[in-house]
Novice: 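What follows is a single structure, and I will ask about it in a moment.
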Amino acid sequence: MNTILIADPEPACRRQIRQHIVGRPGFRVVGECGTPNETVRCVNTFEPDVLFLDIQLGGDRAFDLIRQADHLPKIIFTGCCESHALQAFDHEALDYLLKPYGAARLDAALQKVTGKPAVDVMSGNAAASVGYRKHLFVEDGGHLRRIAANDIRYLKAAGDYTVVYTDCGEFLSSSGIGCIERKMDPALFIRVHRSFIVNMERVDSCYRDIGKLYLVMENGQEISVGKHYLNHIKSLIL
């Protein structure tokens, strides 16, 4: 059972999330908050698995608000401005919901909590791969080089940029890793750390060491799985 705390200054927004969650198996709302101090207090009291946190709640310091708490839940940020999305993912957000959000978008966020891929209700088939490109372009000197998505091994955040590691070399993208994540097929590319997205087809093995999980890529590169992303990997283990 995933416990959820909803923190939003607007009662209507809190109510929308609560009503969407009520009755869904595997989830339970343990409380609501409308102020920063109340949010920190409730996080410490209830120790929720997931916190829906509106960025307006903490003003300019919304992304640092949760660091005041002793307990660290998975965070789904919500907000009215698309420009905050990259900041949210840089702060290890599980997801970012842009208001106004509908039922489908809320369902997608909840599916990230469990680590299960999105499912097309009409067909009963996984819909994650629909609409994603098989080939992409990366900057290569003064040209744009076409690469197959399957040739990407992994991506690593580098400040406001992202390094794309492929079979034919390394390329620097001017896009942040959070922006790139939304363009990649989630059935193939999985965010495993605030700084890494891996092509699961290129993972050779994984192992645990001192309580941490590591992925070993085909080329021997070892990538640590962040604690907020463990469910993404656990869902793949038989």
Novice: Between Lys212 and Ser224, do the side chains contain a donor N or O and an acceptor N or O under 3.5 Å apart?
Specialist: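 The criterion, which ignores hydrogens and geometry beyond distance, is satisfied for Lys212 and Ser224.
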Novice: For the CZ atom of Arg15 and the CG atom of Asp8, what is their distance to the nearest 0.5 Å?
Specialist: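 That separation rounds to 11.0 Å.
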Novice: Look up atom CD in Glu218 and atom CD in Glu201, then write down how far apart they are to the nearest 0.5 Å.
Specialist: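 If I round to the nearest 0.5 Å, the distance is 9.0 Å.
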Novice: Measure the CG-CD1 distance between Leu5 and Ile17 for me, rounded to the nearest 0.5 Å.
Specialist: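 Going from CG on Leu5 over to CD1 on Ile17, the span is 10.5 Å.
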Novice: Counting N and O atoms only, with roles assigned by atom type, does the side chain of Glu38 sit under 3.5 Å from a partner on the main chain of Gly34, one being a donor and the other an acceptor?
Specialist: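 Side chain of Glu38 to backbone of Gly34, a donor-acceptor pair under 3.5 Å: yes, one is there.
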Novice: Check this for me, if you would: do Asp151 and Arg146 make a salt bridge, where the nitrogen-to-carboxylate-oxygen distance has to be below 4.0 angstrom?
Specialist: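 Salt bridge: no.
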Novice: Would you mind checking if Asp54 and Lys99 are paired as a salt bridge, meaning a charged N to carboxylate O distance below 4.0 Å?
Specialist: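 Between Asp54 and Lys99 there is a salt bridge, with a charged N closer than 4.0 Å to a carboxylate O.
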Novice: Considering only residues two or more places apart or on different chains, which pairs with a residue in residues 147-167 satisfy ring pair (Phe, Tyr, Trp, His ring centres under 6.0 Å)?
Specialist: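 Sorted result for residues 147-167: Tyr154-Tyr165.
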Novice: Between Arg24 and Asp107, does any side-chain N to carboxylate O distance fall below 4.0 Å?
Specialist: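 Yes.
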Novice: Pick one: which of Lys74, Lys112, Arg191 meets salt bridge (Lys or Arg N to Asp or Glu O under 4.0 Å) with Asp95?
Specialist: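 Single pass found, and it is Lys112.
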Novice: For Arg41, which residues count as a side chain to side chain donor-acceptor pair (under 3.5 Å) partner, sequence neighbours excluded?
Specialist: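 Once residues adjacent in sequence are excluded, Arg41 has no partner under the side chain to side chain donor-acceptor pair (under 3.5 Å) criterion.
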Novice: By side-chain contact (heavy atoms from CB on, under 4.5 Å), which residues pair with Asp209, not counting sequence neighbours?
Specialist: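 Tyr207, Tyr214.
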Novice: How long is the gap from SG on Cys80 to CG on Leu97, to the nearest 0.5 Å?
Specialist: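 Here the rounded value is 11.5 Å.
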Novice: Do Arg202 and Asp167 meet the salt-bridge criterion of a basic N to acidic O distance under 4.0 Å?
Specialist: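 Salt bridge between Asp167 and Arg202, a charged N being under 4.0 Å from a carboxylate O: yes.
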Novice: Enter the distance from Thr166:OG1 to Leu136:CG here, rounded to the nearest 0.5 Å.
Specialist: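 Reported to 0.5 Å precision, the distance equals 11.0 Å.
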Novice: Show the nearest heavy-atom pair for residues Ala7 and Thr39, with the distance to one decimal.
Specialist: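 Looks like CB-OG1, 3.5 Å.
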Novice: If I compare all heavy atoms of Pro73 with all of Val43, which pair ends up nearest, and what's the gap?
Specialist: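 Scanning both residues completely, I find the closest heavy atoms to be CD-CG1, 4.1 Å.
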Novice: Can any side-chain N or O of Asn2 pair as donor or acceptor with the backbone N or O of Phe27 at less than 3.5 Å?
Specialist: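 Between the backbone of Phe27 and the side chain of Asn2 there is no qualifying donor-acceptor contact (under 3.5 Å).
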